[in-house]
Amino acid sequence: MFSYWQKSVWFQKTDVAIIGSGIVGLSAAIHLKIKNPALKVTLFEKGFLPAGGTSKNAGFATFGSISEISDDLSHHNSEAVFSLANNRIRGLYALRNLLSDNLIRYEASGGYEIFKTEEEYSFYSEKIVEINTLFEEYTGLKNVYSIPDENADYFGFNNTAGLIFNQYEGLLNSGNLIKALLEKARSFGVEIFNGFELSRFESDSNGVDLFFKTPDVQIQSSKLLLCTNGFTGQILSGLDVNPARGLVLVTSPIENLKLKGGFHHNKGYDYFREIDGRVLLGGGRNLDIEGETTTEESINPQIHSYLVSLLREVILPDSPFTIEYEWTGVMGVGKTKKPIVENIQPHVFCAVRMGGMGVALGTLTGAEAADLILSRN
Ligand SMILES: Cc1cc2nc3c(=O)[nH]c(=O)nc-3n(C[C@H](O)[C@H](O)[C@H](O)COP(=O)(O)OP(=O)(O)OC[C@H]3O[C@@H](n4cnc5c(N)ncnc54)[C@H](O)[C@@H]3O)c2cc1C
């Protein structure tokens, strides 16, 4: 319940209420203010810090490893696969332009996919020319994938048949990224409230009433934009977006760690990189897709032990380590990998389903949602 003073200063009817302060919600808020500075844009986030995938991810600035693109091509036509890849590439440029490489600690490190068997390695090596040709045709990027010079020593990996390099991939610091986005949004006059969890909303011709679970208050807005990604099903049914939980581990500092770049394994399900002299490793969700279709913050022991084995047997076979950090985060996935940016009810919009590459897609998806809102009365 608000006092008169609280209500009159902070919670008068807003022009656009955005739910969720991840990369999509913050990018949408910034783009709304860039296009129309007079607009009152208010963002509500349930966590005391942003609590979704944006602050829990691995910091890969990627548009796909060769086995992911190849797998996508076996399910969808080239036009669909490369138009999404193109949006990821454009999204990464848009993100870097909006915030600067220095602020988000972007490194143009390149990325590798590692293959454990000769059979897999030769299968994907033979696809390099075909997929590079399609990439160039659809996106203009030349020679995306190649066999790297460093192949001879494999960064000290064990049980590895070979690597395929993506020269355009990069890494960034996800903590710096979300902090920079929050600061940018505030600098444009976006009001951001943490600890506000939306439970439901009602829309009519005058706008939208928002009902929050915590705190127990009601707020009015002319328009509502849901940027709740994998949590969307808790507020709204009927959209093809489901939670997909991901586990991340960070080791103790490793002496003489050789890793440089982002590394993918198993069609993108597993991924690892160096951060401050440690190994950050995530993945294994494919081992229990059903169990990981959840927003619960708990660790699946089967996946945890798979990731630790990957560290011991492949990534750090000769280095002792302990696990010093572990956490889970929630992605939003559906039958296809294309984000849903739609006007779902009168005055209500959504920009959700970022899949596993929301860092690449988020900035443009937020901008697209902002344009859609501005195009409707
Ligand atoms: C473990 C993991 C690793 C990943 N690694 C990478 C990677 O390396 N590279 C990459 O490109 N992508 C990666 N991703 C995916 C990427 O992080 C997401 O696609 C992206 O962050 C989605 O951004 P978003 O803004 O749509 O959603 P989110 O960042 O999830 O933001 C949604 C926000 O909505 C809030 N919210 C939800 N419900 C409510 C409510 N009812 N009321 C108020 N607030 C609410 C949440 O707290 C959250 O802050 C990873 C994801 C995970 C989980």
Side-chain angles (χ1 to χ4, degrees), residues 16-29 43-47 50-58 63-64 68 71-72 75-76 80-81 83-85 87-88 91 178 197-201 203 208 210 213 223-247 268-269 282-283 285-286 288-297 328-373:
V16 183
I18 299 177
I19 309 298
S21 69
I23 187 170
V24 176
L26 287 162
S27 302
L43 206 154
F44 299 96
E45 162 61 46
K46 70 174 175 177
T54 308
S55 55
K56 309 277 179 94
N57 67 44
F63 49 84
E68 280 175 278
D71 194 44
D72 288 350
H75 296 106
H76 307 284
V81 172
S83 110
L84 187 59
N87 282 348
R88 292 171 183 154
I178 189 80
E197 180 168 1
L198 186 76
S199 60
R200 64 187 183 89
F201 58 85
S203 71
V208 192
L210 312 180
K213 185 152 97 187
K223 287 179 178 143
L224 169 65
L225 172 61
L226 298 174
C227 297
T228 42
N229 207 29
F231 304 91
T232 306
Q234 296 175 344
I235 312 169
L236 185 73
S237 57
L239 280 185
D240 174 32
V241 56
N242 295 309
R245 188 172 64 184
L247 173 61
Y269 275 112
R285 194 170 64 80
N286 54 313
D288 184 7
I289 293 281
E290 202 184 321
E292 294 303 293
T293 304
T294 177
T295 56
E296 256 178 54
E297 265 193 82
T328 58
V330 174
M331 289 169 261
V333 300
K335 288 192 192 75
T336 78
K337 295 186 176 176
K338 194 170 181 274
I340 309 173
V341 180
E342 278 176 18
N343 188 177
I344 46 180
Q345 289 180 23
H347 308 295
V348 181
F349 302 79
C350 73
V352 297
R353 196 169 67 189
M354 286 321 109
M357 292 182 214
V359 171
L361 286 170
T363 312
L364 279 191
T365 305
E368 192 189 330
D371 287 339
L372 179 63
I373 289 173

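- Scanning all heavy atoms of the two residues, the minimum distance from Val341 to Glu368 falls at CB-OE2, 3.7 Å.
- Taking OG1 of Thr232 as the start and CD of Gln234 as the end, the distance is 8.5 Å to the nearest 0.5 Å.
- Taken from NZ in Lys56 to CE in Met331, the straight-line distance is 12.5 Å, to the nearest 0.5 Å.
- For the atom pair CZ (Arg200) and CG (Leu236), the distance works out to 13.5 Å, reported to the nearest 0.5 Å.
- Going from atom CD1 of Ile235 over to atom CG of Leu224 covers 8.0 Å, rounded to the nearest 0.5 Å.
- At distances below 3.5 Å, not a single donor-acceptor pair connects side-chain atoms of Thr295 with backbone N or O atoms of Phe231.
- In this structure, the side chain of Arg88 engages the main chain of Phe63 through a donor-acceptor pair within 3.5 Å.
- For the side-chain contact (heavy atoms from CB on, under 4.5 Å) test with Lys337, the passing option among Leu84, Val81, Leu361 is Leu84; the others fail.
- Taking 4.5 Å as the limit, some side-chain heavy atom of Cys227 sits within range of a side-chain heavy atom of Leu225.
- Between Gly230 and Pro243, the closest heavy-atom pair is O-CB, 3.4 Å.
- By the ring pair (Phe, Tyr, Trp, His ring centres under 6.0 Å) test, Phe44 is found to be paired with Phe193, Phe196, Phe212, residues two or more places apart in sequence or in another chain being considered.
- To the nearest 0.5 Å, the span separating CG on Asn242 from OG1 on Thr294 amounts to 11.0 Å.
- In this structure, Arg245 pairs ionically with Glu292, as a charged nitrogen and a carboxylate oxygen lie closer than 4.0 Å.
- A donor-acceptor pair is defined here as one N or O able to donate and one able to accept, closer than 3.5 Å; such a pair exists between the side chain of Asn343 and the backbone of Gln345.
- Asn286 contributes no side-chain N or O that, together with a main-chain N or O of Tyr269, makes up a donor-acceptor pair within less than 3.5 Å.
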Going by atom type alone, with no hydrogens or angles, which donor-acceptor pairs under 3.5 Å involve a side-chain atom of residues 16-27 and a protein atom two or more places apart or on another chain?
residue, atom, partner, partner atom, Å
Ser21, OG, Glu45, OE1, 3.1
Ser27, OG, Ile23, O, 2.6

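- Distance alone, capped at 3.5 Å, places no donor-acceptor pair between the Asn57 side chain and the Val359 backbone.
- Separation of atoms OG1 (Thr365) and CD1 (Ile340) is listed at 11.0 Å; rounding is to 0.5 Å.
- Proximity of Phe349 to Lys223: side-chain heavy atoms (C-beta onward) are separated by under 4.5 Å at one or more points.
- Listed for the Asp240 side chain is a donor-acceptor partner under 3.5 Å among the backbone atoms of Lys335.
- One N or O on the side chain of Thr293 and one on the backbone of Ile289 form a donor-acceptor pair closer than 3.5 Å.
- Closest non-hydrogen pair, Gly355 versus Val333, comes out as CA-CG1, 4.2 Å.
- Residues satisfying the side-chain contact (heavy atoms from CB on, under 4.5 Å) test with Ser83, not counting sequence neighbours, are Glu79.
- Between the Ser203 side chain and the Pro346 main chain, a donor and an acceptor come within less than 3.5 Å of each other.
- Between Leu239 and Ile344 there is a side-chain heavy-atom pair separated by less than 4.5 Å.
- Between Arg285 and Ala244, the shortest heavy-atom distance links the atoms NH1-CB, 3.5 Å.
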